[in-house]
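Notes follow once the structure below has been shown.
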There are 2 protein chains.
Amino acid sequence: MTTYDAAFSRMGAQLSGSAIRQMGILAAGRPDLISFAPGYPDPATFAWEAYRAIADDLLREQGRDTLQYGPTRGYGPLIETVVPRLRTAGIDCTSEEIVVTTGSQQGVDLVTRLLVDPGDVVLVELPTFTGAIAAFRSAGAHIVGVRQDADGIDLAHLADVLRAQREAGRRVKFLYVIPNFQNPTGGLMGLARRRALLDWSEGEGVLIVEDDPYGDLWFADVTRPEDTRPVKADDVQGRVIYVQSTSKTLAPTFRTAWVVAPAPIVARLDVAKQSADLCSSTFDQRIVHEAITRGVLDDHLPTLRETYARKRAAMEGALDRLAGDLVQWTPPRGGFFLWVRLPAGVDTGQMLRAAVDAGVIYVAGAPFFVDGTGANALRLAYSAASEARIEEGIARLARVIRTAAASAPRVSPAAR
Amino acid sequence: MTTYDAAFSRMGAQLSGSAIRQMGILAAGRPDLISFAPGYPDPATFAWEAYRAIADDLLREQGRDTLQYGPTRGYGPLIETVVPRLRTAGIDCTSEEIVVTTGSQQGVDLVTRLLVDPGDVVLVELPTFTGAIAAFRSAGAHIVGVRQDADGIDLAHLADVLRAQREAGRRVKFLYVIPNFQNPTGGLMGLARRRALLDWSEGEGVLIVEDDPYGDLWFADVTRPEDTRPVKADDVQGRVIYVQSTSKTLAPTFRTAWVVAPAPIVARLDVAKQSADLCSSTFDQRIVHEAITRGVLDDHLPTLRETYARKRAAMEGALDRLAGDLVQWTPPRGGFFLWVRLPAGVDTGQMLRAAVDAGVIYVAGAPFFVDGTGANALRLAYSAASEARIEEGIARLARVIRTAAASAPRVSPAAR
């Protein structure tokens with residue numbers, strides 16, 4: 001039998017799978033399982049009939065370019081449609097500052113490959129999105145975490161971390177942040193904090209990569225739309241690379257996202273994307289373009305906000321009733337996630353087997369932390385399940401947590 | 001103004017665009033231009049009505065997973081459909097040996113990232129596909145060319161090159177080949193040569209990456225289907241990584257290709273793809289799956305073969321009549337491309353401006369060669385243009401070539 005150990009690159013040799021994706025695979029084989037694991041939108045919210053009409057129109061027209069290869073930079077009319085929408089959100093950019101990517105995952109991956117050599121530093125929030133961590137690891141980045149408080153990233157800690165990395169002789173390439181309804185915490189960075197973060201970026205010469213898949217999904221009872229103003233909106237010096245996706249609003253399948261960045265960076269992202277996948281699906285981009293120009297997206301957003309706000313309330317209510325004495329969380333103000341902290345000493349990674357046996361899954365907290373902490377946290381996505389399933393799933397989970405907490409080693413307050 | 005020179009990685013700093021894609025952009029703005037540049041399939045051959053029926057069915061059913069994120073490895077039923085088709089082509093594999101990628105470009109890119117560290121050697125044919133070269137460059141590979149003769153890669157030269165690279169202390173990671181209707185030469189590697197190449201791979205312990213987007217498009221007047229038997233079909237030791245695409249047969253937009261490789265390699269490709277784009281479009285994969293299971297692809301292939309054989313004949317005929325005294329080519333036996341050699345001293349890169357002025361474009365030869373040669377060659381794709389446009393385009397091109405040849409510096413036979 002042939003072995004391949006010597007064949008792999010350093011990246012290839014160290015690859016390990018994503019905890020979230022593993023959960024998705026586990027869930028796929030168990031229809032009785034209630035999954036709070038992946039950040040999937042609710043398929044009941046998709047604009048099925050609109051997509052059917054659009055697809056029918058596009059395929060009936062038989063446009064010469066509709067099913068062909070397209071420009072690597074993206075479908076031109078889609079980009080032209082995105083520009084004024086970004087302007088409404090405060091981001092004043094030109095079409096030369098946009099590149100369409102195959103999902104925002106590709107955007108983050110290409111930005112990383114463009115900027116990061118092995119050993120270069122990428123700063124991330126503690127905790128942060130595992131898919132971004134995977135992309136940074138894949139590029140050989142030295143990933144360093146920065147603490148968050150209730151208002152977002154901790155600027156004093158950020159300054160300390162930057163100084164320490166520079167004193168160690170490392171190049172700090174960028175800070176990756178998710179200001180709106182952060183993954184996994186659901187947190188919303190305050191507006192003053194955003195402004196201060198931009199000042200930091202300008203002062204220190206460190207780029208910011210701002211990932212914003214959830215910004216449109218604010219909950220009207222606790223958030224004003226202006227609270228979601230992107231950091232990029234005030235970026236006059238070109239320090240922020242902004243990534244936006246349609247996966248959580250239209251549908252993940254279209255794999256249509258875009259990166260907004262200074263033109264010299266976009267020009268190179270274009271070239272990097274050529275060797276990554278030549279171009280994203282032209283048909284999918286056209287569907288997204290039509291969905292925007294026909295008003296499907298805008299008509300749809302209020303329903304999405306209400307749907308996810310209601311599911312959030314259902315999950316918070318159930319958790320409060322069934323495990324309120326055992327767990328803590330910060331109420332989400334938008335997005336898909338509830339970030340739950342369990343009693344110290346409970347290891348949510350170890351607890352997962354019991355959860356699967358009880359018919360419920362989540363994502364354990366540790367993979368979101370690049371500093372090895374987070375063992376007693378877990379992420380719940382309330383986005384995909386129905387309210388009835390949320391109630392039942394939290395009931396199952398509460399029993400699992402109660403058992404785990406009862407048998408957990410006692411941890412002294414100092415160690416917490 | 002902010003400059004970003006210090007921000008880029010080594011890869012980012014050295015990026016340069018693809019000659020083929022640049023031509024595509026140039027062509028996009030000129031509707032009068034006749035383009036023989038990109039390897040685009042003819043949209044008139046697409047199964048428009050079938051795709052319309054399939055899309056309508058899928059969107060009417062509103063399947064819970066149809067527009068959702070899917071498994072990174074690919075849509076399960078598609079993979080299960082591909083297995084017996086590969087078996088028919090001689091490739092005996094299991095579903096654990098297949099990963100679906102966002103076009104074959106992503107397949108080649110991920111394989112490269114998985115196997116190649118900066119400075120590692122990738123061997124390629126002289127000339128070879130520019131998209132593959134771009135992926136190898138992006139990984140920092142040391143790319144070394146191996147000559148071809150009329151029967152495919154030159155095994156004596158391959159042995160010399162391998163020895164020289166190993167003597168220089170470099171690790172040779174794989175050989176990239178396109179045995180069926182090579183891009184750009186249109187060449188078909190002989191069956192004995194394929195067998196010998198596999199023996200070389202097994203003997204030397206160097207993997208083969210076999211790219212096969214054109215294998216189904218053989219021309220019945222000059223090729224038997226058994227002449228296209230993949231190298232992978234005889235690979236009992238697991239030395240060959242095989243890449244197949246639906247872009248040239250169904251349509252490029254679906255970005256649906258697959259890599260067939262030993263299971264330990266596929267497992268890591270799966271993880272590498274997670275950080276590259278999470279998953280390929282599930283809707284597109286379902287359309288491809290339905291197109292295969294409903295017989296659309298198989299019903300379609302004879303028409304595709306006839307269409308492209310007829311276009312090839314049109315281009316060869318026009319070239320023979322209009323520039324037969326000036327140019328040479330090897331008649332294609334399948335695929336999309338005619339590889340044309342001009343008189344020594346003509347630089348097809350420099351000639352391109354005159355060609356654009358005359359209303360015709362091609363891809364200059366030099367970018368396909370990693371050794372700096374090929375200045376007097378060019379690639380013509382006969383796939384996308386109508387026969388009338390082929391006739392007119394070759395007439396334009398012949399005039400340009402005639403002018404260029406008349407003013408070219410005379411090159412002594414020894415220098416040719």
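Since the model is a prediction, treat every value here as computed from it, not as a measurement. Lettering of chains follows the sequences in order, A, B, ..., and the numbering in each one begins at 1.
- Between B:Arg73 and B:Glu96 there is no salt bridge, since no side-chain nitrogen of the basic residue lies less than 4.0 Å from a carboxylate oxygen of the acidic one.
- Side-chain atoms of B:Thr102 and B:Asp277 form a donor-acceptor pair, as typed in the model, at a separation below 3.5 Å.
- The greatest number of non-hydrogen atom pairs below 4.5 Å with chain A, out of B:Leu114, B:Leu269, B:Leu67, is found for B:Leu67.
- Of all heavy-atom pairs between B:Ala6 and A:Arg171, the closest is O-NH1, 4.4 Å.
- Heavy-atom distances place both the backbone and the side chain of A:Arg64 under 4.5 Å from chain B.
- Pairing each heavy atom of A:Leu198 with each of A:Val240, the nearest pair is CD1-CG2, 3.7 Å.
- At a 4.5 Å heavy-atom cutoff, A:Ala257 makes no contact with chain B through either its backbone or its side chain.
- Looking at B:Arg255, only its side chain comes within 4.5 Å of chain A, counting heavy atoms on both sides.
- Listed options B:Trp48, B:Tyr51, B:Phe136, B:Phe283 were ranked by heavy-atom pairs under 4.5 angstrom with chain A; first place goes to B:Trp48.
- When each of A:Ala13, A:Gly103, A:Pro118, A:Gly107 is scored by its heavy-atom pairs under 4.5 Å with chain B, the top score falls to A:Ala13.
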Next on the checklist: Please determine whether salt bridge (Lys or Arg N to Asp or Glu O under 4.0 Å) holds for the pair B:Asp109 and A:Arg113, giving the CA-CA distance in whole Å, both sets of side-chain angles, and the decisive distance to 0.1 Å.
Outcome noted: CA-CA 13 Å; B:Asp109 187 54; A:Arg113 294 166 72 178; 3.2 Å; yes

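- Contacts between B:Ala7 and chain A at a heavy-atom distance below 4.5 Å involve backbone atoms as well as side-chain atoms.
- For the options A:Pro41, A:Ala251, A:Ala44, A:Gly76, heavy-atom pairs under 4.5 Å to chain B are most numerous at A:Pro41.
- At a 4.5 Å heavy-atom cutoff, the contact between A:Leu115 and chain B is made by backbone and side-chain atoms alike.
- In this structure, a donor-acceptor pair under 3.5 Å is absent between the side chains of A:Ser9 and B:Lys173.
- Listed options B:Ala139, B:Gly63, B:Ala55, B:Ala267 were ranked by heavy-atom pairs under 4.5 angstrom with chain A; first place goes to B:Gly63.
- Taking each heavy atom of A:Gln105 and A:Ala135 in turn, the nearest pair found is NE2-CB, 4.0 Å.
- In the model, A:Lys248 has no side-chain atom that pairs as donor or acceptor with a side-chain atom of A:Ser383 under 3.5 Å.
- Proximity to chain B (any heavy atom under 4.5 Å) is shown, for A:Arg286, by neither the backbone nor the side chain.
- Both the backbone and the side chain of A:Ala272 come within contact range of chain B, with heavy atoms under 4.5 Å apart.
- For B:Ser138, the part lying near chain A is the side chain, with the backbone staying farther off; criterion is any non-hydrogen pair under 4.5 Å.
- Only the backbone of B:Ser280 comes within contact range of chain A, with at least one heavy atom under 4.5 Å from a heavy atom of that chain.
- Donor-acceptor pairing under 3.5 Å is recorded for the side chains of A:Thr253 and B:Ser281.
- Nearest heavy-atom pair, A:Val206 versus A:Arg239, reported as atom, atom and distance to 0.1 Å: N-NH2, 3.9 Å.
- Interface check for chain B: of the options A:Ala384, A:Gly238, A:Ala276, A:Ser104, the most heavy-atom pairs under 4.5 Å are formed by A:Ala276.
- Chain A forms the most heavy-atom pairs under 4.5 Å with one residue out of B:Gln106, B:Gln62, B:Met11, and that residue is B:Gln62.
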